[in-house]
Amino acid sequence: MTIREFKMPDVGEGLTEAEILKWYVQPGDTVTDGQVVCEVETAKAAVELPIPFDGTVHALLFEEGTTVDVGQVIISVQTAGSAADAPVQEAAAPVAEAAPAAPAVAEEPVAEARQPVLVGYGVSTASTKRRPRKAPAGTAAQNGTAAPAAAPAAAPVLPAVPAQPSGERPLAKPPVRKLAKDLGIDLASVVPTGDGGVVTREDVHAAAAAAITPQAAPVVAAPVAPQAQAPVAAAAAAAPAVEPSARETRIPVKGVRKVTAQAMVGSAFTAPHVTEFITLDVTRTMKLVQELKDDPDLAGLRINPLLLIAKAVLVAIRRNPDVNASWDEAAQEIVLKHYVNLGIAAATPRGLIVPNIKDAHAKTLGELSESLSSLVATARDGKTSPADMQNGTITITNVGVFGVDTGTPILNPGESAILAVGAIKLQPWVHKGKVKPRQVTTLALSFDHRLIDGELGSKFLADIAAVLEHPRRLITWS
């Protein structure tokens with residue numbers, strides 16, 4: 001029997017790290033080739049990782065909530081392999097044996113890498129990204145001597161043990177570690193009250209409350225929506241619990257939210273944005289939506305205003321193909337796209353993502369409905385793959401679902417236009433010479449003025465509005 005190691009793969013294009021959201025296996029579990037063993041979050045999406053071989057899980061080398069560099073071993077599996085495979089002793093060797101002992105510095109002590117942890121998490125073979133902290137008194141002397149080698153067996157159920165001595169890694173379950181990380185609490189400074197010296201959630205909350213005093217208030221952090229405070233499918237609670245006395249909470253910027261922020265800043269200060277608005281009567285479109293819902297040929301499909309708005313955008317692109325393009329700064333060229341990968345901005349617990357419907361221009365109304373439904377459901381479940389968010393050509397963002405009239409959207413990087421759809425409301429409108437209540441909405445089109453001038457942008461927006469005012473143009477203009 002030998003040990004095989006599974007390393008964190010590059011699940012995107014050139015990504016360098018990913019956060020482990022959830023483990024689906026524990027030491028001692030049997031796994032088969034292709035079985036999903038964990039879910040990770042990259043800067044683009046949440047992705048499930050399958051194991052590429054059969055065997056029995058020997059150790060999970062990182063806890064949930066840990067950010068791991070691509071190429072680091074995250075799980076070891078005991079298999080019936082050849083003699084060329086790495087032996088168990090090598091796979092389970094602690095970090096302390098991988099390098100000569102060094103004097104203590106303001107980093108995690110070497111002894112921590114050798115400390116047995118809770119059930120299901122073996123001794124780590126690679127350092128994780130942790131906040132540096134000062135070594136307690138006496139640690140230097142402890143680190144200067146070599147510690148005995150750790151046993152290479154799978155992590156057993158640990159009996160209750162006394163509280164950890166100074167300098168050693170405190171015991172805590174993964175959700176408690178994540179809570180401490182979210183609240184900015186160093187577990188080494190928390191007094192454990194759990195059985196065997198285990199730090200509990202109550203211990204972390206008590207430490208957080210004690211750290212907040214009128215004389216030492218934390219730095220102001222920008223508020224973030226509650227649903228954006230935790231990744232999808234995390235094993236811990238959806239959001240960190242906060243004591244009533246806590247006036248502020250710091251949320252680490254990472255994953256999708258981090259890359260979205262970087263992309264928006266780059267887009268806003270690279271492409272010269274122009275935004276145009278148009279308010280229109282969509283009463284006929286709303287009537288058509290209801291008729292399509294009652295059509296037996298479309299039974300089982302999700303028919304809504306967004307579907308017809310997407311179709312109107314595709315018709316308008318057919319009439320104004322130059323808007324479906326991108327700006328190549330390096331080559332100083334405008335790249336015209338002869339296909340439409342229609343992006344739909346989706347608000348998820350992990351932040352805003354923009355998956356796109358590939359070759360939307362070639363789909364029928366029914367196919368477009370199925371693609372929209374699948375795209376939205378996948379995004380809400382946090383299962384959107386990086387491939388689904390690449391190579392978009394134009395985007396729709398539906399801010400109307402929040403009751404907002406419209407906005408000035410920022411371009412998705414690499415695209416030339418984005419359409420914001422406002423709330424559809426019953427308003428007084430002049431119709432056939434009389435003021436009547438009609439279904440009215442406002443559209444806003446932002447576009448890159450380097451390749452779309454005012455005339456082209458105006459024609460494109462006007463065509464979208466014309467289709468929605470008189471949806472028969474979905475047929476006559478197609």
Side-chain angles (χ1 to χ4, degrees), residues 274-320 323 340 342-347 360-361 363-366 368-369 371-373 376 394-409 417-447 452 454-478:
V274 173
T275 305
E276 295 186 341
F277 307 87
I278 189 168
T279 302
L280 61 148
D281 176 6
V282 292
T283 304
R284 294 184 181 89
T285 289
M286 297 304 291
K287 289 181 178 179
L288 178 57
V289 168
Q290 188 57 52
E291 292 173 0
L292 293 175
K293 287 182 177 180
D294 298 334
D295 190 330
D297 292 335
L298 299 177
L301 296 178
R302 182 177 177 82
I303 308 298
N304 55 24
L306 180 60
L307 173 63
L308 295 188
I309 292 169
K311 198 67 176 176
V313 169
L314 296 173
V315 170
I317 289 175
R318 184 189 297 269
R319 291 170 57 84
N320 305 274
V323 303
V340 181
L342 182 61
I344 305 294
H361 65 287
K363 295 184 180 293
T364 65
L365 188 67
L368 191 61
S369 173
S371 297
L372 272 172
S373 298
V376 172
I394 194 167
T395 294
I396 297 175
T397 177
N398 186 10
V399 298
V401 296
F402 305 107
V404 176
D405 289 334
T406 192
T408 55
I418 179 172
L419 179 73
V421 181
I424 299 175
K425 300 178 180 178
L426 196 63
Q427 298 182 25
W429 192 264
V430 178
H431 177 67
K432 296 181 179 179
K434 296 181 180 180
V435 177
K436 296 182 178 181
R438 305 286 286 180
Q439 297 284 351
V440 177
T441 191
T442 300
L443 305 178
L445 179 73
S446 291
F447 53 88
I452 299 179
E455 179 185 13
L456 177 59
S458 299
K459 286 182 176 179
F460 178 61
L461 182 59
D463 281 351
I464 296 173
V467 172
L468 296 175
E469 285 181 324
H470 300 280
R472 66 175 182 272
R473 292 191 172 109
L474 289 170
I475 298 175
T476 59
W477 284 3
S478 295

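All of these numbers come straight from a predicted model, not from anything done at the bench.
We find the CG-CE distance between Leu308 and Met286 to be 9.0 Å, quoted to the nearest 0.5 Å. Atoms CG and CZ, on Leu419 and Phe447 in that order, are 12.0 Å from each other to the nearest 0.5 Å. Note that CD1 of Ile464 is 7.5 Å distant from CD1 of Ile317, once rounded to the nearest 0.5 Å. A distance of 6.5 Å separates OG1 of Thr364 from NZ of Lys311, quoted to the nearest 0.5 Å. Going from atom CZ of Phe277 over to atom OG1 of Thr406 covers 6.0 Å, rounded to the nearest 0.5 Å. To the nearest 0.5 Å, atom CD1 of residue Ile344 and atom CG of residue Asn398 are 8.5 Å apart.
Using a 4.0 Å cut-off between charged side-chain N and carboxylate O, Lys459 and Glu455 make a salt bridge. Ion pair Asp405/Lys425 flagged as a salt bridge, since at least one NZ, NE, NH1 or NH2 atom sits closer than 4.0 Å to an Asp/Glu carboxylate oxygen.
For Arg318 and Trp477, the positive end is not near the middle of the six-membered ring at less than 6.0 Å and at most 45° from its axis.
Heavy-atom minimum distance, Thr279 versus Trp429: O-CH2, 3.8 Å. Contact record, Gly422 with Thr441: O-OG1, 3.0 Å, taken as the closest heavy-atom pair. Nearest approach of Gly366 to Leu301, heavy atoms of both residues: CA-CD1, 3.7 Å. The two atoms that bring Gly407 and Ala420 nearest to each other are O-CB, 4.3 Å, heavy atoms only. Between Ala417 and Ile452, the shortest heavy-atom distance links the atoms CB-CD1, 4.4 Å. Closest approach of Ala360 and Leu314 over heavy atoms only: O-CD1, 3.5 Å.
Contact check for Arg473 versus His470: side-chain heavy atoms found under the 4.5 Å cut-off. Side-chain contact between Phe460 and Leu445 is present, with at least one heavy-atom pair separated by less than 4.5 Å. Inter-residue side-chain proximity for Ser458 and Glu276 is flagged as met; some heavy-atom pair is nearer than 4.5 Å. Inter-residue side-chain proximity for Val282 and Val440 is flagged as unmet; no heavy-atom pair is nearer than 4.5 Å. For the pair Ile424/Pro305, a side-chain contact is recorded, criterion being any heavy-atom separation below 4.5 Å from C-beta on. Annotation: side chain of Leu298 is not in contact with side chain of Lys293 (no heavy-atom distance under 4.5 Å). Between Leu292 and Leu288 the shortest side-chain heavy-atom distance falls below 4.5 Å. Put simply, the side chain of Val315 does not reach to within 4.5 Å of the side chain of Asp463, judged on heavy atoms.
With hydrogens and angles ignored, the 3.5 Å screen pairs a side-chain donor or acceptor of Thr285 with a backbone N or O of Leu468. Between the side chain of His431 and the backbone N or O of Lys436, no donor-acceptor pair lies under 3.5 Å. The closest donor-acceptor contact from the side chain of Thr395 to the backbone of Ile418 lies at 3.5 Å or more, if one exists at all. In terms of modelled atom types and a separation under 3.5 Å, the side chain of Ser369 and the main chain of Leu365 share no donor-acceptor contact. A donor-acceptor pair under 3.5 Å is absent between the side-chain atoms of Asn320 and the main chain of Val323, judged by distance alone. A donor-acceptor pair is defined here as one N or O able to donate and one able to accept, closer than 3.5 Å; no such pair exists between the side chain of Ser446 and the backbone of Thr408.
Remark: Arg438 CZ is packed, more than 12 non-hydrogen atoms of other residues, nucleotides or ligands lying under 6.0 Å away.
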Check: Can you list the steps and then say if Val421 with Val399 is a side-chain contact (heavy atoms from CB on, under 4.5 Å)?
Finding: CA-CA 6 Å; Val421 181; Val399 298; over 6 Å; no

